[in-house]
Amino acid sequence: MIPFSIDGQPVEGRENGNVLEVALDVGIEIPHLCYHESVKPYGACRLCLVEVERHGRKRMTTSCTYPVLEGIQVFTQTEKVLRARRMIIELILGMCPGDTLIQEMAKEMGVEQIRFKQEDKDCILCGLCGRICEEVVGAHAIQFAFRGDKREMIPPFLGEAMNCIACGACVVACPVDVIKMKEQGDERTILRWKRTLKMKQCKICGNYFAPWFQLEKFKEQAKLAKDFFDICYTCRT
Amino acid sequence: MKIQTKADLEKIKEKGLKSLYPKTTKVSVGMATCGLSTGAGKVYEVLQNGVEKDKLPILLGQTGCIGFCQKEPVVDILEPGKPRIFYQGVTPERSMEIVQKWLDNQVVDDLLLCKMEREDWIVEGVVKDYSLHHLPAGMDGTPHYHQVPFYSKQFKIALRNCGFINSDLIEEYVARGGYFSLHKAIMNMKPEEIIEEIKRSGLRGRGGAGFYTGNKWDSCRKSKGDTKFVLCNADEGDPGAYMDRSVLEGDPHSVIEGMIIGAYAIGAQEGFIYVRDEYPLAIQKLKTAIQQAEKVGLLGENILGSGFSFKIHLFRGGGAFVCGESTALMASIEGKVGEPRAKHIHTTESGLWDKPSNLNNVETWNNVPVILARGADWYSKIGTEGSKGTKVFSVVGKVNNTGLVEVPMGITLREIVYDVGGGIPDGKKFKAVQTGGPSGGCIPESLIDLPVDFDRLTEAGSMMGSGGMIVMDESTCMVDIAKYFMSFLKDESCGKCTSCREGTKRMHEILTEISEGRGTLEHLNLLEELGWVTAEASLCQLGGTAPNPVLSTIRYFRDEYQEHIVNKRCPAKVCRALLQYRILSDVCTSCGRCAKVCPEKAISGKQRTKKEKGKPFKIDPKKCIKCGMCFEACKFKAVEVE
Ligand SMILES: Cc1cc2nc3c(=O)[nH]c(=O)nc-3n(C[C@H](O)[C@H](O)[C@H](O)COP(=O)(O)O)c2cc1C
Ligand code: SF4
Ligand code: SF4
Ligand code: SF4
Ligand code: SF4
Ligand code: FES
Ligand code: FES
């Protein structure tokens with residue numbers, strides 16, 4: 001383990017770890033929106049800013065992308081950091097003024113007004129859905145397209161997400177909960193990606209428990225027995 | 001033949017000298033992209049046909065660009081025993097006239113640019129004097145090359161061969177000292193010695209940030225790992241900048257030689273040149289150059305028989321401005337999305353495919369052979385304390401001479417604008433220079449004596465960038481300029497960081513408000529705050545430098561912002577929404593032209609006829625969309641803009 005300090009408190013992090021995960025582990029709250037422990041840090045929302053002092057030089061950086069390094073001193077509550085985070089959350093609020101999570105975060109940071117023209121987007125472009133889909137599910141069903149303020153998270157070529165297995169991982173991961181899933185009869189739809197798949201019925205209890213496509217993919221990946229997915233998780237255990 | 005010894009290289013040099021300075025009169029056409037776009041290809045064709053048809057004793061050649069873009073196509077004539085003569089603005093129709101007259105010992109006066117009294121062979125440190133005798137009559141008044149204002153203050157290291165050699169012929173590059181530095185490096189120097197020499201020269205990266213090249217090489221050499229890469233950044237995404245293109249088209253071997261030397265010093269086996277996709281000619285020239293260098297054993301396996309091997313691959317860029325950023329460039333070569341990533345671990349340790357990688361700009365690589373040939377002591381005498389050598393700038397905008405200029409670091413902006421650039425056209429007043437590309441800053445007249453180097457430009461709120469320089473006169477509105485660059489940056493931000501994507505978008509939005517008369521004084525503070533967060537909180541240097549155009553114009557031209565905000569006036573008369581068009585009733589002759597062109601039918605009056613005088617015309621401000629058509633149409637200057 002590698003020793004360093006956060007706000008004067010001695011802490012330890014694993015090699016190849018990042019500052020944010022250590023802070024969260026020891027209960028130091030740093031606001032963050034695009035970080036999730038099951039995927040690689042990305043550094044998009046810029047909310048998790050901290051100041052890091054290393055070799056006598058201090059600079060502001062995002063804690064989710066900053067590697068655990070011996071002897072660094074991390075400061076999470078400096079004047080500069082708080083000022084920048086306030087501005088960032090105001091910028092996000094300007095994009096999605098209707099989102100309750102963002103509203104709450106902004107309030108907590110002392111941001112009371114939006115000084116820009118309000119937009120009505122829902123997605124905050126954190127990229128978590130795409131990264132979960134790629135790194136965890138392995139489906140590569142959705143991705144960022146376009147540059148600058150035209151950036152969007154979408155299925156390739158604006159159409160239906162042909163690679164999507166309707167696993168729902170992204171639905172759970174989206175911090176602002178804008179990826180909705182609908183289950184009706186033997187069908188599951190991921191509304192945002194316009195993907196509908198047939199689900200499989202459990203041979204024992206009769207519930208529809210997962211899309212065919214997903215199960216086939218898992219069987220392939222995990223080299224499971226042919227009949228492994230004939231019964232649902234509850235009935236199997 | 002594979003070159004092994006210095007004698008082998010000398011033989012190629014001999015051949016090259018014969019090709020550069022043949023016994024027959026040689027006519028060369030500048031055929032880089034700039035020349036071609038003004039018709040150099042056609043000029044060459046006409047000359048070729050003419051010479052063939054009449055079996056004239058003339059050799060035809062082609063070269064790169066000598067930088068005076070405004071005067072293209074440029075043609076030069078070289079006859080043994082006479083100075084090299086440069087012609088400018090040569091059209092296909094008049095190209096044969098130049099040749100025929102020359103053969104009659106005459107010149108075409110109105111197309112003469114200059115006569116070259118000496119050539120500097122910078123690599124070898126030799127000056128080749130031309131005999132000024134035996135010139136056709138009437139050429140005494142023709143200026144010497146070094147007296148032409150545009151060239152007088154220039155000092156060409158990076159552009160040493162551009163416009164003088166045919167870049168398709170490796171022997172012409174060798175003839176002017178090319179590849180001798182490589183020979184010296186591999187045969188007589190240890191890698192550490194090369195790095196020491198580059199360090200002592202004080203060379204700083206020409207791609208923007210001005211990082212010390214020797215230090216970068218050193219840390220890459222010291223990084224653990226057997227596989228290492230050297231990369232050349234030829235993405236050149238700044239709109240209007242083309243110094244790298246000019247070097248690649250006119251002198252590709254200089255970059256290749258620099259890269260081989262760098263690879264040997266660093267311990268790399270493979271290199272990539274990341275070229276902007278819109279540079280087909282540069283790509284073609286590089287391909288040819290790489291093949292030729294491989295063929296003679298200067299590149300590839302067992303270079304110069306030394307056992308050192310190095311391969312160069314060409315990679316065509318992804319087409320986005322942000323792909324020029326080091327980590328985005330590497331991601332792009334790896335086949336991933338060209339998006340920057342955090343680099344708390346330097347790319348010299350973990351770069352392309354996580355291997356130690358050293359990236360330098362075209363011009364940086366191109367300086368290396370000269371430094372090794374002339375020595376760090378010589379090189380470090382040029383320039384200022386913190387910025388050594390020269391820098392190529394592309395000077396454009398409201399200035400008489402536009403083009404590529406290479407000047408020693410430390411030259412003042414005044415010298416660039418007034419001496420090299422020949423001042424401001426149409427008797428207008430100078431207002432500012434924008435340096436550093438889209439995310440550079442505007443430097444006002446009060447700082448025109450600022451010496452141009454990395455640190456001084458940064459102190460002034462701008463930057464060296466890759467060397468773009470836009471001259472602005474009194475008819476430029478600084479709010480409009482800031483808005484223009486912010487529009488570019490908001491589109492070119494990769495969109496990953498909230499601070500950069502939203503910051504540039506909101507700055508652009510506010511600047512639009514101000515330019516359309518809806519600005520408030522509060523907006524100025526908000527712009528400054530947004531600028532701060534965009535620069536401080538973003539991941540890469542696109543966001544890091546993006547606020548420069550806004551912050552520098554607020555810093556130096558706050559009055560102009562206030563005029564827009566408080567008095568709803570645009571002093572430069574650029575911001576359309578703030579203009580008022582009025583017809584001066586005592587000047588108006590009631591001709592009615594304005595009313596005819598007005599697309600909004602906003603102008604009314606009674607037209608004069610033969611019998612009647614008519615009534616002065618009037619503009620209804622509510623209907624007027626400020627298109628300016630009436631202003632253009634009125635022959636009596638009766639339409640006034642306020
Ligand atoms: C948005 C952005 C665009 C860039 N574009 C270029 C470019 O077109 N050419 C270039 O040489 N460097 C460019 N750079 C700088 C590179 O990241 C890098 O610093 C440089 O290539 C290193 O070479 P040098 O040390 O020789 O300057 C860019 C940087 C940023 C942030
Ligand atoms: S539901 Fe589709 S898009 Fe979402 S993570 Fe699963 S496969 Fe990817
Ligand atoms: S949809 Fe949700 S998870 Fe995906 S990028 Fe947008 S906010 Fe992030
Ligand atoms: S600073 Fe801008 S260009 Fe750079 S990574 Fe962030 S969003 Fe992309
Ligand atoms: S500026 Fe255009 S719209 Fe306005 S009065 Fe003149 S012509 Fe008509
Ligand atoms: S959580 Fe670190 S940048 Fe979003
Ligand atoms: S992106 Fe937020 S989880 Fe799918």
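We name chains A, B, ... by the order of the sequence lines, and we start the count at 1 in each one.
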Across chain A and chain B, going purely by atom type as modelled, what donor-acceptor pairs are there at a distance under 3.5 Å?
| residue | atom | partner | partner atom | Å |
| --- | --- | --- | --- | --- |
| Glu339(B) | OE1 | Tyr42(A) | OH | 2.6 |
| Glu339(B) | OE2 | Arg151(A) | NH1 | 3.2 |
| Glu339(B) | OE2 | Arg151(A) | NH2 | 3.2 |
| His344(B) | NE2 | Thr61(A) | OG1 | 3.3 |
| Glu492(B) | OE1 | Arg147(A) | NE | 3.4 |
| Ser493(B) | O | Gly148(A) | N | 2.6 |
| Cys494(B) | O | Arg151(A) | NH1 | 3.0 |
| Gly495(B) | O | Arg151(A) | NE | 3.1 |
| Lys496(B) | NZ | Tyr42(A) | O | 3.4 |
| Thr498(B) | N | Ala44(A) | O | 3.0 |
| Thr498(B) | OG1 | Ala44(A) | O | 3.4 |
| Thr498(B) | OG1 | Cys45(A) | O | 2.9 |
| Lys505(B) | NZ | Glu119(A) | OE1 | 3.1 |
| Lys505(B) | NZ | Glu119(A) | OE2 | 2.8 |
| Arg506(B) | NH1 | Lys117(A) | O | 2.9 |
| Arg506(B) | NH2 | Gly94(A) | O | 3.4 |
| Arg506(B) | NH2 | Lys117(A) | O | 3.1 |
| Glu509(B) | OE2 | Lys117(A) | N | 3.3 |
| Glu513(B) | OE2 | Lys117(A) | NZ | 3.2 |
| Glu529(B) | OE1 | Arg115(A) | NH1 | 3.4 |
| Glu536(B) | OE1 | Lys80(A) | NZ | 3.3 |
| Ala537(B) | O | Arg46(A) | NE | 2.7 |
| Ala537(B) | O | Arg46(A) | NH2 | 3.2 |

> Which answer fits Leu47(A), side chain, backbone, both or neither, if we ask what part of it has an atom under 4.5 Å from a heavy atom of chain B?
Replying inline: neither
> If you take all heavy atoms of Ala84(A) and Val533(B), which pair is closest and at what distance?
Replying inline: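 Reported closest heavy-atom pair: O-CG2, 3.8 Å.
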> Has Lys483(B) got more than 12 heavy atoms of other residues, nucleotides or ligands less than 6.0 Å from its NZ?
Replying inline: yes
>> More than 12 heavy atoms of other residues, nucleotides or ligands under 6.0 Å from CZ of Phe315(B): yes or no?
In response: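 Buried by this count: over 12 neighbours within 6.0 Å.
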> Can you tell me how far the CG atom of Leu91(A) sits from the SG atom of Cys497(B), to the nearest 0.5 Å?
Replying inline: 12.0 Å
> Quick one: what part of Ala342(B) sits under 4.5 Å from any heavy atom of chain A, side chain, backbone, both or neither?
Replying inline: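 Ala342(B) touches chain A through side-chain heavy atoms alone.
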> So which part of Leu526(B) gets closer than 4.5 Å to some heavy atom of chain A, the side chain, the backbone, both or neither?
Replying inline: side chain
